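Read the structure below first, then the notes.
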Amino acid sequence: HLYLQTNPMLVPTISQRFNAVSNTSWTPAGHKGTQRTPLPGRVRPVFTRKQAGSKIVKMEAQLEGQSREKRMKVAIVGAGICGLATAVVLHRKGLDVSVYDRATALKQNAGTGLALFPNGLKALRLIDQELYEAVKDAGSVVKGVAMINGSNSLSDEPLKAFPSPMQATYGEPMVCIRWGALQSTLASFLPPECLNLDSGLRNFTVISPERGVNLQLARRDGTLLPVVEADLLIACDGIRSGVRETLLSDGPPSDLGRVIWRGIVNRSDVANVDNFFPEATTCIGAMGPSRTLCFMDVGDGMYWAAGALDGAFNPDVELAGGAWAQCRDAFKDVPDALACLDATPPEKIFSDRVFDRQPTFETNFSGPVTLSGDALHPVTPSFGQGANQGLEDAFTLGEMLGAEDAMACPSDALRRWEASRIDRTSIVQLGSHLLGAASYGDAKLAEVEAALPAEVLAKFKAEYGSRQAMEEFLHSVQLKPKDEELQGFL
């Protein structure tokens, strides 16, 4: 196996305990077809790809001396990036995996974009080389980065970007892509029967501490579905995870007092776009202590995001004119933002408040249930690590559950995986937490720092206090053969 290795930071443990027992229940508030090399002793995937718009890939698992009933059955709640990537990994490992989500359809052209950084792309390549190529094809490989001041559109000269250092420095580029395009590409690498939409988790019952959990699912109209039996439950249901609330009882996430307005437009529809957004680039900037702005080329459009602290806009404006009017009020003196806003139909603007949780330094889960992705370690958009950490989670979880000894006691494999990830994810959470606050001024940063344990904060600043140190930690990972048990990063 190939693993990615890095040095974990030693931090004090903060217990967030869960003692699962038997019968614990919860009720919540364009590629040609290719023949792959068989996985030894497990499953031979056969891939057929049809270039029919959605690029659906049908995978037929031909089992080698192994019946379906003897395979580990895994239920994944949440068909986001982390959930679908995890399903792809586990399916390739020969596990019997099903994904459940309350949504009635994949998001397709959702008006949001995201960045895949070298660490996420390295994990994606290890998951599946063809999937890695398909994702790059669906997005835009960033060739340049520029800093903006919000008034670049008033300039007589097009904005010049400096070359992106990612590929040369870390071995992978940065790829910007629509959230919906990444989701649908991941789903295309699963057999259709793996994905169950309009199937929200109503409750679950732990049958045995070692393995065994029953899921009660329901349609959006309230119709109950047949109970699903699985060996393991992996909750990838986001920052407001209902499963997390059962395991940790730590309440809802914290509102950080900021709003982000987002949209995707055609570049040709934006006035003076060359002056503030060169093609195949990512542009970021801050407008004083209370507002931020970001532009990304996502392949088939231009993604823009404008963020502001409460107090930088009139909250009553939204009542009269919706998110479009509220964003215009917040950025009325920022021509670059207004140019994007004017090109975006009001109904295509997405407005969200920013939420976060305190970093998780220790997991004390037990039983056949775990959390992954934003459900376990949500991050603010500061380093753009949400989807990237979800891809890391997916690859590493596949390595643990695909091991020969995992079937004997799947719950133990979950505990080993959690232990292997916690040092890295807590550092990523801390870095995102602090940088996000710093982008809105000293007062906001001081408020966030005051809520953290002093010893944790001091250790973090000593090791990763600069942005450069954090980026080195995130992206400078080395591929090397490793026989011993999974540790640290990937």
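Please read all numbers here as calculations on a predicted model, not as lab measurements.
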Exercise. How would you list all residue pairs meeting ring pair (Phe, Tyr, Trp, His ring centres under 6.0 Å) that involve residues 238-271, not counting sequence neighbours?
Worked result: Trp261-Phe313
Seminar exercise, completed: Between Leu445 and Ala437 the two heavy atoms that sit nearest each other are CA-CB, 3.8 Å
Exercise. Where is the tightest heavy-atom contact between Arg267 and Phe277, given as atom of each residue plus distance?
Worked result: NH2-O, 2.6 Å
Exercise. For the residue pair Leu121 and Pro173, what are the closest heavy atoms and their distance?
Worked result: CD1-O, 3.1 Å
Exercise. Where the side chain of Thr344 meets the backbone of Cys340, is there a donor-acceptor pair that is under 3.5 Å apart?
Worked result: yes
Problem set entry | Contacts of type ring pair (Phe, Tyr, Trp, His ring centres under 6.0 Å), residue Phe117, not counting sequence neighbours | His475
Problem set entry | Heavy-atom closest pair, residues Lys332 and Leu338 | O-CD1, 3.4 Å
For this session: Kindly indicate whether a cation-pi arrangement holds for Arg424 with Phe473, taking the cut-offs as under 6.0 Å to the six-membered ring centre and within 45° of the axis.
Result: yes
Exercise. So which pairs with a foot in residues 136-159 pass ring pair (Phe, Tyr, Trp, His ring centres under 6.0 Å), sequence neighbours left out?
Worked result: none
Exercise. Can you list every pair that meets side-chain hydrogen bond (donor to acceptor under 3.5 Å, both in side chains) and has a residue in residues 370-383, with sequence neighbours left out?
Worked result: Thr370-Glu418, Ser372-Asp393, His377-Asp393, Thr380-Ser382
Exercise. Would you say Arg102 has more than 12 foreign heavy atoms packed within less than 6.0 Å of its CZ?
Worked result: no
For this session: Locate the shortest heavy-atom distance separating Arg353 from Gly257; write the atom from each residue and the value.
Result: NH2-CA, 3.6 Å
Seminar exercise, completed: Smallest heavy-atom separation, Ile260 atom then Ala305 atom, equals CG2-CB, 4.2 Å
Problem set entry | Salt-bridge contact Glu463-Lys459 (side-chain N to carboxylate O under 4.0 Å) | no
For this session: Identify, with sequence neighbours excluded, every residue that meets ring pair (Phe, Tyr, Trp, His ring centres under 6.0 Å) alongside Phe276.
Result: Phe295
Problem set entry | Heavy-atom neighbours of Gln468 CD exceed 12 at 6.0 Å | no
For this session: Provide the full list of salt bridge (Lys or Arg N to Asp or Glu O under 4.0 Å) pairs with a residue in residues 432-444, sequence neighbours left out, each pair given once.
Result: Lys444-Glu447
